[in-house]
Amino acid sequence: MAAAEGSGAGETLFPGLADMSISQDIPVEGEITVPVGSNSPDEDYSTLDEPVKDTIMRDLKAVGKKFVHVMYPRKSSALLRDWDLWGPLVLCVALALMLQGGSADSKDDGGPQFAEVFVIIWFGAVVITLNSKLLGGTISFFQSLCVLGYCVMPLTVAMLVCRLVLLAGGGTVSFIIRLIVVGAMFAWSTLASTAFLADSQPPNRKALVVYPIFLFYFVISWMILTFTPQ
Amino acid sequence: MAAPGAAGGGRSGVPAAEWGGFEDNMQGGGSAVIDMENMDDTSGSSFEDMGEMHQRMKEEEEEADGEAGAGEEEDGEFLGMKGLRGQLGRQVADQMWQVGKRQASRAFSLYANIDILRPYFDVEPVQVRARLLESMIPVKMINFPQKIAGELYGPLMLVFTLVAILLHGMKTSDTIIREGTLMGTAIGTCFGYWLGVSSFMYFLAYLCNAQITMVQMLSLLGYGLFGHCITLLVTYNIHFHSLFYIFWLVVGGLSTLRMVAVLVSRTVGHTQRLILCGTLAALHMLFLLYLHFAYHKVVEGILDTLEGPNMPPFQRVARDIPVVSNAVLNTTAKAIALTL
């Protein structure tokens with residue numbers, strides 16, 4: 001048979017192991033080279049050789065493009081197609097840092113605030129994603145997380161504005177300004193994420209998906225509005 | 001019959017012995033009845049051996065360039081019909097191994113799949129709205145079992161809404177929680193109530209022989225939280241004690257009556273009905289009371305979640321007590337705190 005002939009052909013690859021019986025003693029030979037020079041250059045371009053600046057700039061541009069999509073929520077699929085979680089992470093950390101140290105009278109209360117915001121945002125996003133999947137949505141898990149995370153951006157801007165307004169001093173006027181700003185940004189966030197997420201649902205169930213998103217951004221807006229620095 | 005037999009014998013050494021044995025059997029009895037006691041038990045009886053057998057059989061197939069595959073299939077069919085010592089045992093063990101593997105992967109994909117919850121989320125918005133309104137209307141007919149919708153979307157959303165309202169209440173009452181977080185406490189309280197009391201009531205229902213499933217219990221209790229949400233939303237913003245008591249009795253009472261009526265319709269026997277409904281009514285109303293008073297405006301004192309008994313008890317002062325007694329209470333508390 002072929003195997004017996006192969007082993008008896010005098011190919012002494014492993015002379016010391018010739019008496020060991022191995023089921024397949026077909027010698028391995030060939031070339032381990034990848035054919036270079038493909039016909040579509042930008043598909044097979046090896047990103048391992050490019051300078052680090054190019055890699056970073058490409059990722060930053062992708063993140064920036066998604067921010068622009070959130071600012072002007074049109075029905076484009078770019079946000080959904082190439083999802084990434086860099087933007088949500090940056091926004092979440094920025095928001096949590098800015099919300100830290102508010103309404104506490106001892107130094108050890110600064111810790112839980114950061115973890116609280118972080119956990120709320122990620123846990124809330126996971127729950128909304130699971131809910132929309134269970135209601136029959138066609139969007140994938142990470143795409144939904146990506147959209148919800150990016151749509152926190154208007155609320156981060158609102159937090160920034162609130163902090164600046166509070167620097168000028170507290171009082172009824174500043175509270176009204178903050179209320180208006182936070183309210184507008186909350187509406188913007190909800191509308192932006194609804195524009196992306198509700199399309200993936202059957203048409204008569206959009207309200208069921210929108211409500212948890214509304215609740216989620218409401219809780220974040222509430223945390224921003226009731227923030228009072230020491 | 002002889003030709004495949006000879007070919008099989010020439011291909012690999014193992015079936016050859018069995019072929020010989022088969023002929024012996026035929027010569028011995030001449031009947032097609034398989035004597036299972038004489039089966040060769042040592043070949044391929046354990047699943048680990050089966051894996052090795054499988055691998056070796058695959059390799060033998062590849063060596064012989066595919067003819068062995070066809071031949072073994074023939075052998076397999078042939079053997080499946082008549083059976084040989086060892087060969088049949090090996091085939092059976094092989095099939096069992098494959099079936100077991102398939103079942104294990106199916107079980108894993110079944111339980112690790114969120115689709116298991118999908119039927120409980122199959123609702124329309126109008127249905128949810130209808131059920132929310134119905135949860136405040138007690139049913140009149142308790143002679144035959146009332147229908148409970150086994151859905152989880154409405155209750156889950158109500159629990160989250162309650163968490164949000166609780167957070168609002170805690171913030172406006174300036175509750176400060178050390179060694180914990182506001183959000184953690186709110187989520188823990190609401191989910192703990194929903195899941196814990198549901199399980200406890202389900203256990204009681206099992207003891208009292210009530211016709212209710214766990215999902216239905218979760219759904220019933222969840223929709224009962226609608227009354228809590230309304231009450232707390234109003235009374236966290238308008239701080240009047242009398243208003244709270246009116247809401248507690250009316251709104252809380254209505255939703256309790258509805259749950260109680262549904263449970264009564266599904267239970268037989270006076271004692272059982274009494275136990276079940278009394279427990280549910282007590283827990284439901286007390287929870288609303290707790291939610292209101294635990295996050296009432298705290299005038300003096302800090303809620304220490306992990307502190308021992310050394311701290312003085314926190315002072316909860318109602319709004320309608322005059323300022324004088326308020327000051328007296330505060331100074332007393334401060335004095336006690338200083339002495340400890």
Side-chain angles (χ1 to χ4, degrees), chain A residues 1-6 22-26 102-106 108-109 111-121 123-124 127-137 141 201-223 225-228, chain B residues 10-12 55-60 62-65 67-68 113-129 151-154 156-172 174-187 191 302 305:
Chain A
M1 287 184 281
E5 288 164 6
I22 42 179
S23 55
Q24 285 184 353
D25 34 19
I26 304 166
S103 73
D105 59 353
S106 63
D108 56 342
D109 265 350
Q113 289 275 29
F114 183 89
E116 227 178 296
V117 177
F118 218 82
V119 164
I120 287 173
I121 292 182
F123 179 65
V127 165
I128 294 175
T129 308
L130 282 179
N131 176 57
S132 76
K133 277 186 88 68
L134 282 170
L135 284 172
F141 184 73
Q201 293 291 328
N204 52 342
R205 295 204 182 164
K206 286 202 204 305
L208 296 183
V209 177
V210 170
Y211 179 69
I213 300 178
F214 167 86
L215 208 57
F216 174 61
Y217 288 127
F218 182 78
V219 168
I220 299 181
S221 316
W222 186 248
M223 282 198 297
L225 194 58
T226 58
F227 170 76
T228 48
Chain B
R11 226 160 291 135
S12 44
Q55 190 62 27
R56 221 178 302 145
M57 285 201 319
K58 276 205 183 93
E59 286 161 12
E60 285 170 19
E62 282 161 24
E63 268 185 30
D65 297 326
E67 290 176 8
N113 208 355
I114 63 166
D115 282 338
I116 205 176
L117 289 176
R118 211 175 269 269
Y120 305 126
F121 281 76
D122 194 13
V123 286
E124 306 288 322
V126 280
Q127 282 178 323
V128 176
R129 198 176 54 218
E151 60 138 320
L152 290 180
Y153 174 81
L156 201 65
M157 288 305 127
L158 277 172
V159 172
F160 280 123
T161 311
L162 192 63
V163 168
I165 296 175
L166 215 61
L167 204 65
H168 162 51
M170 287 199 275
K171 282 268 183 190
T172 52
D174 297 326
T175 305
I176 304 170
I177 294 179
R178 285 223 180 103
E179 314 280 355
T181 64
L182 286 183
M183 198 65 196
T185 313
I187 289 183
F191 268 98
I302 297 172
T305 51

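What's counted below: heavy atoms across the whole structure, side chains too, no hydrogens, waters or symmetry copies. Everything quoted here is computed from the prediction, not taken from an experiment. Numbers restart at 1 for each chain; the letters A, B, ... are given by sequence-line order, proteins then strands.
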Interatomic spacing from CZ in A:Phe218 to OG1 in B:Thr161 - rounded to 0.5 Å: 10.0 Å

For B:Tyr153, is it the side chain, the backbone, both, or neither that has a heavy atom closer than 4.5 Å to a heavy atom of chain A? side chain

Report which part of A:Lys206 has an atom under 4.5 Å of a heavy atom belonging to chain B: side chain, backbone, both, or neither. neither

Which is it for A:Val219 and B:His168 under the side-chain contact (heavy atoms from CB on, under 4.5 Å) test, yes or no, and what are the steps along the way? CA-CA 9 Å; A:Val219 168; B:His168 162 51; over 6 Å; no

A:Phe123 portion near chain B, given a 4.5 angstrom heavy-atom threshold: side chain

Heavy atoms from other residues, nucleotides or ligands near CZ of B:Phe191 exceed 12 (cutoff 6.0 Å): yes

Got a sec, which residues hit side chain to side chain donor-acceptor pair (under 3.5 Å) with A:Ser221, two or more places apart in sequence or on another chain? none

Spatial distance of atom CZ (A:Arg205) from atom CG (B:Asp122) [nearest 0.5 Å]: 4.5 Å

For A:Ser132, enumerate each residue passing the side chain to side chain donor-acceptor pair (under 3.5 Å) test, keeping only those at least two apart in sequence or located in another chain. none

Side chain, backbone, both or neither: which part of B:Val123 has a heavy atom under 4.5 Å from chain A? both

N/O donor-acceptor pair under 3.5 Å between B:Arg118 side chain and A:Leu135 backbone: no

Top of A:Leu215, A:Val127, A:Leu208 for chain B proximity - count of heavy-atom pairs under 4.5 angstrom: A:Leu208

Pick one of side chain, backbone, both or neither for B:Leu156, based on which atoms fall under 4.5 Å of a heavy atom in chain A. neither

Kindly check if the number of other-residue, nucleotide or ligand heavy atoms within 6.0 Å of CZ (A:Phe118) is above 12? yes

